[in-house]
Amino acid sequence: MHSYIKANLAPNKNIGLIKLHDEASFNCMKKSGKLASKCLDFIEPYILEGTTTEYLDRLIYEFALSNNCVPATLYYRGYPASSCISLNNVICHGIPSKKKLKEGDILNIDVTLIHDGWYGDTSRMYKVGKISRKAEILLDITKECLMEAIKILKPGIHTGDIGARIQEIAERNRFSVVEDLCGHGIGKIFHDHPNILHFGKKGHGYELKEGMIFTIEPMINAGSKDIKLLSDGWTIVTRDKELSAQFEHTVGITKNGCEIFTIS
Ligand code: MF3
Ligand code: CO
Ligand code: CO
């Protein structure tokens with residue numbers, strides 16, 4: 001009942017209410033989202049065997065600065081890089097390093113760019129050369145999970161409908177949904193209320209309203225959903241060492257559906 005607030009009336013922090021943004025804010029999100037997706041387009045030709053993920057991160061840093069953006073992850077809660085680069089069995093929050101890409105690797109690159117104070121958050125999967133058939137299917141299904149969830153978005157549905165749709169597609173293909181990490185409200189702050197779970201039941205959770213802005217970012221595992229946090233305090237891997245994939249978009253709820261701010 002008292003779950004929503006006009007974003008313009010709310011302080012610039014997570015206050016446990018869902019912010020409803022106006023058209024001017026949607027236009028700002030369009031710009032930051034576009035830049036984040038352009039950054040992911042830009043990095044694609046550099047995904048080559050022998051390249052280090054640290055080098056890719058450096059290029060992303062330079063892309064951000066030369067496009068009047070700040071990479072949101074840099075120094076965020078002590079995170080040391082401009083992107084998260086998660087290889088193979090890494091689910092998310094992989095820290096760019098001197099490790100070299102090799103043929104057959106799959107990797108997620110997640111960038112959040114702040115432009116004019118607004119956050120655009122998106123991630124995609126990339127392949128190094130030829131990948132296994134199983135990896136190929138995992139990538140296709142994970143992308144399908146995200147895009148099919150986006151298709152149902154409109155005022156009146158519930159956050160649980162999003163999770164249910166994703167879980168249905170993943171499990172129908174004998175994959176599992178990571179439950180420990182979720183999508184999030186976003187706008188002038190990085191991680192806002194509400195959490196967008198990638199599993200759940202239809203009709204549960206919050207009702208979507210025009211003006212909501214959030215991310216959907218399903219992490220889908222080839223094996224079990226269980227995770228492990230590495231001792232660096234960031235890197236999250238599959239407990240069974242199987243492959244994991246993720247795609248992410250930032251979206252805004254419109255009168256009749258949604259707008260994808262981070263579309264390429
Ligand atoms: N971009 C990630 C997300 O989708 C957050 C990364 S936070 C970091 O929400 F500190 F790990 F970089
Ligand atoms: Co996100
Ligand atoms: Co992200």
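Computed from heavy atoms alone, side chains included, the values below leave out hydrogens, waters and symmetry copies. In listed order, ligands and their atoms are each counted from 1. Model, not experiment: these values are computed from the prediction.
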> Has ligand 1 got any nitrogen or oxygen that is less than 3.5 angstrom from a nitrogen or oxygen of His93?
Replying inline: no
> At a non-hydrogen distance cut-off of under 4.0 Å, which region of Val111 contacts ligand 1 (side chain, backbone, both, or neither)?
Replying inline: neither
>> Using a 4.0 Å cut-off to any heavy atom of Thr112, which atoms of ligand 1 qualify?
In response: 1 (N)
> Is any N or O atom of Glu217, backbone or side chain, closer than 3.5 Å to an N or O atom of ligand 1?
Replying inline: yes
>> Strictly below 4.0 Å, N to O, side chains only: are Lys30 and Glu23 in salt-bridge contact?
In response: no
> Do we see a donor-acceptor contact under 3.5 Å between the side chains of Asp121 and Thr112?
Replying inline: yes
> Nearest protein heavy atom to atom 12 (F) of ligand 1, by residue and atom, and its distance?
Replying inline: Thr73 CG2, 3.1 Å
>> Within the 3.5 Å criterion, strictly below it, is a donor on His193 or Tyr206 matched to an acceptor on the partner's side chain?
In response: yes
> Counting backbone and side chain alike, does His191 bring an N/O/S atom below 2.8 Å of the Co ion (ligand 2)?
Replying inline: no
> Are any of the side-chain nitrogens in Arg124 or Asp41 under 4.0 Å away from the carboxylate oxygens of its partner?
Replying inline: yes
> Using a heavy-atom cut-off of under 4.0 Å, does the side chain or the backbone of Cys92 touch ligand 1, or both, or neither?
Replying inline: neither
>> Can you name the atoms of ligand 1, numbered from 1 with element, that are less than 4.0 Å from a heavy atom of Phe190?
In response: 1 (N), 5 (C)
> Looking only at distance, does Tyr79 have an N or O less than 3.5 Å from an N or O of ligand 1?
Replying inline: no
>> Tell me whether the count of non-hydrogen atoms from other residues, nucleotides or ligands lying under 6.0 Å of NZ in Lys241 goes above 12.
In response: no
> Run the side-chain hydrogen bond (donor to acceptor under 3.5 Å, both in side chains) check on Ser83 and Asp57 step by step: do they pass?
Replying inline: CA-CA 6 Å; Ser83 61; Asp57 187 69; 2.6 Å; yes
> Hey, which atoms in ligand 1 end up nearer than 4.0 Å to a heavy atom of His184?
Replying inline: 3 (C), 4 (O), 9 (O)
> With atoms numbered from 1 as shown, which atoms in ligand 1 lie under 4.0 angstrom from a non-hydrogen atom of Trp234?
Replying inline: 8 (C), 10 (F), 11 (F)
>> Quick check on contacts: which atoms of ligand 1 are under 4.0 angstrom from a heavy atom of Glu248?
In response: 4 (O)
> When you check the gap from the basic side-chain N to the acidic O, do Glu136 and Lys127 get nearer than 4.0 Å?
Replying inline: yes
> Charged N to carboxylate O below 4.0 Å: is that the case for Lys102 and Glu49?
Replying inline: no
> Are there any protein N/O/S atoms under 2.8 Å from the Co ion (ligand 3), and if so, which?
Replying inline: Asp110 OD1, Asp110 OD2, Asp121 OD1, Glu248 OE1
>> Check this for me: Asn256, atom CG, are more than 12 non-hydrogen atoms of other residues, nucleotides or ligands nearer than 6.0 Å?
In response: no
>> So, regarding His191 and ligand 1 (criterion: nitrogen or oxygen to nitrogen or oxygen, under 3.5 Å), is there a contact or not?
In response: yes
> Do Thr262 and His249 have side-chain N/O donor and acceptor atoms under 3.5 Å apart?
Replying inline: yes
>> Could you check, using the six-membered ring where one of them is a Trp, whether Tyr76 and His191 have ring centers closer than 6.0 angstrom?
In response: yes
> Does Thr215 come within less than 4.0 Å of ligand 1, judged by its heavy atoms?
Replying inline: no
>> Any donor-acceptor pair under 3.5 Å linking the side-chain atoms of Asn221 with those of Ser244?
In response: yes
>> Would Asp110 count as being in polar contact with ligand 1, using the rule that some N or O on each side must be under 3.5 angstrom apart?
In response: yes
>> Between Glu168 and Arg172, does any NZ, NE, NH1 or NH2 come within less than 4.0 Å of an OD or OE carboxylate oxygen?
In response: no
> Would you say Arg77 touches ligand 1, if touching means a heavy atom closer than 4.0 Å?
Replying inline: no
>> Looking at Asp116 and Lys31, is there a salt bridge between them, counting it only when a charged N and a carboxylate O are closer than 4.0 Å?
In response: no
